[in-house]
Amino acid sequence: MGAYEEARHLLTAALKDLRALQGMSDPDVFADEVFGFHAQQAAEKALKAWLAVSDVEYPRTHDLSLLLTVLEAQGQDVVPYSDLVELNPYSVQYRYAAFEDLGSPLDRCAVQKLVHGLIAAVSDSVDVR
């Protein structure tokens with residue numbers, strides 16, 4: 001599979017996670033670790049799509065800060081997405097157990113807006129239908 005096609009597949013998967021987020025706005029129904037996991041996954045897939053469409057081999061990682069660092073090293077402006085690193089613990093740490101005290105609850109609206117903005121920016125370079 002070529003880099004563009006890989007980016008398209010990743011971005012399509014990221015859009016599915018974003019749609020899931022949009023249905024998880026009620027914290028009484030969906031715990032933060034469930035919402036946070038899908039937010040992290042959407043961001044991870046979108047960042048990897050950005051790297052793929054830039055013809056950069058991305059590392060096999062769930063670490064959003066590492067993916068942002070690789071993009072920045074390629075000359076990309078990742079500053080608008082720096083808050084995504086707050087989703088890192090949701091990739092694995094909170095995925096396998098229910099945690100009663102995760103600290104402050106996620107600002108679901110802000111997270112959705114940030115992830116949506118990232119996906120929209122990457123979509124400018126990748127045709128997803």
Side-chain angles (χ1 to χ4, degrees):
M1 175 182 337
Y4 181 83
E5 191 65 18
E6 182 175 1
R8 203 169 72 70
H9 284 286
L10 285 163
L11 198 56
T12 298
L15 284 165
K16 290 177 183 179
D17 282 308
L18 178 61
R19 282 195 303 272
L21 289 180
Q22 293 165 343
M24 295 181 184
S25 58
D26 186 347
D28 292 329
V29 177
F30 293 97
D32 268 359
E33 59 265 30
V34 174
F35 178 88
F37 172 73
H38 285 282
Q40 187 282 335
Q41 285 291 290
E44 178 184 332
K45 293 166 189 169
L47 291 172
K48 288 178 177 179
W50 190 355
L51 286 164
V53 79
S54 301
D55 206 23
V56 175
E57 189 171 334
Y58 53 83
R60 287 184 53 111
T61 184
H62 299 296
D63 186 347
L64 301 180
S65 59
L66 177 58
L67 295 171
L68 289 165
T69 299
V70 174
L71 280 161
E72 188 173 43
Q74 297 298 316
Q76 301 296 327
D77 179 16
V78 298
V79 172
Y81 312 109
S82 60
D83 286 345
L84 289 171
V85 297
E86 294 177 19
L87 297 172
N88 266 349
Y90 294 94
S91 68
V92 176
Q93 182 179 346
Y94 297 147
R95 186 165 99 178
Y96 293 108
F99 288 84
E100 294 303 317
D101 183 18
L102 300 176
S104 299
L106 286 172
D107 180 341
R108 293 174 189 229
C109 185
V111 169
Q112 285 180 18
K113 184 176 179 183
L114 181 59
V115 172
H116 182 270
L118 170 63
I119 290 173
V122 176
S123 292
D124 288 344
S125 301
V126 180
D127 179 30
V128 289
R129 295 178 192 178

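Because only heavy atoms are used, hydrogens play no part in the values below, and waters and symmetry mates are left out as well, while side chains stay in. On a predicted model such as this, the values are computed, not experimentally measured, just so you know.
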**Asked** Rounded to the nearest 0.5 Å, what separation is found between the CG atom of Leu84 and the CG atom of Leu47?
**Response** 6.0 Å
**Prompt:** Lys48 pairs by side-chain contact (heavy atoms from CB on, under 4.5 Å) with which of Val70, Leu71, Leu67?
**Reply:** Leu67
**Prompt:** Which pair of non-hydrogen atoms, one from Pro59 and one from Leu66, has the smallest distance, and what is that distance?
**Reply:** CG-CD2, 4.0 Å
**Asked** In terms of hydrophobic clusters joined by side-chain contacts under 4.5 Å, are Val29 and Leu21 together?
**Response** yes
**Criterion side-chain contact (heavy atoms from CB on, under 4.5 Å) on Arg108 and Phe30, from CA distance to verdict** = CA-CA 11 Å; Arg108 293 174 189 229; Phe30 293 97; 4.0 Å; yes
**Asked** Thr61 side chain to Asp63 main-chain N or O, any donor-acceptor pair under 3.5 Å?
**Response** yes
**Item:** Euclidean distance, Asp32 CG relative to Tyr90 OH, rounded to 0.5 Å
**Value:** 5.0 Å
**Request:** State whether the side chain of Gln74 and the backbone N or O of Leu51 hold a donor-acceptor pair below 3.5 Å, judged by distance alone.
**Result:** no
**Item:** Heavy-atom closest pair, residues Ser125 and Val53
**Value:** O-CG2, 3.6 Å
**Message:** Between Gln40 (side chain only) and His62 (backbone N and O only), is there a donor and an acceptor less than 3.5 Å apart?
**Reply:** yes
**Asked** Taking C-beta and beyond as the side chain, do Val111 and Phe35 meet within less than 4.5 Å on heavy atoms?
**Response** yes
**Message:** What's the separation between atom CG in Leu106 and atom CE in Met24, rounded to the nearest 0.5 Å?
**Reply:** 12.0 Å
**Asked** Taking atom CD of Glu44 and atom CG of Leu118, what is their separation to the nearest 0.5 Å?
**Response** 11.5 Å
**Message:** The criterion is side-chain contact (heavy atoms from CB on, under 4.5 Å); which residues satisfy it with Pro80, sequence neighbours excluded?
**Reply:** Asp77
**Asked** Any idea which heavy atoms bring Ala14 and Ala42 closest together, and the distance?
**Response** CB-O, 3.5 Å
**Message:** Just verifying a value: how many Å separate Gln112 CD and Asp107 CG, rounded to the nearest 0.5 Å?
**Reply:** 9.5 Å
**Message:** Distance check, rounded to the nearest 0.5 Å: Leu64 atom CG versus Thr69 atom OG1?
**Reply:** 10.5 Å
**Complete:** Note: Gly36 and Leu87 closest approach over all heavy atoms is O-CD2, 4.5 Å
**Message:** Contact between Thr12 and Val126 at the side-chain level, heavy atoms closer than 4.5 Å - yes or no?
**Reply:** no
**Asked** Would Glu6 and Tyr58 satisfy side chain to side chain donor-acceptor pair (under 3.5 Å), going step by step from the backbone distance to the final call?
**Response** CA-CA 11 Å; Glu6 182 175 1; Tyr58 53 83; 2.4 Å; yes
**Complete:** In short, Val122 meets Ala46 closest at the heavy-atom pair CG2-O, 3.7 Å
**Prompt:** In this structure, are over 12 heavy atoms from other groups packed under 6.0 Å from Asp55 atom CG?
**Reply:** no
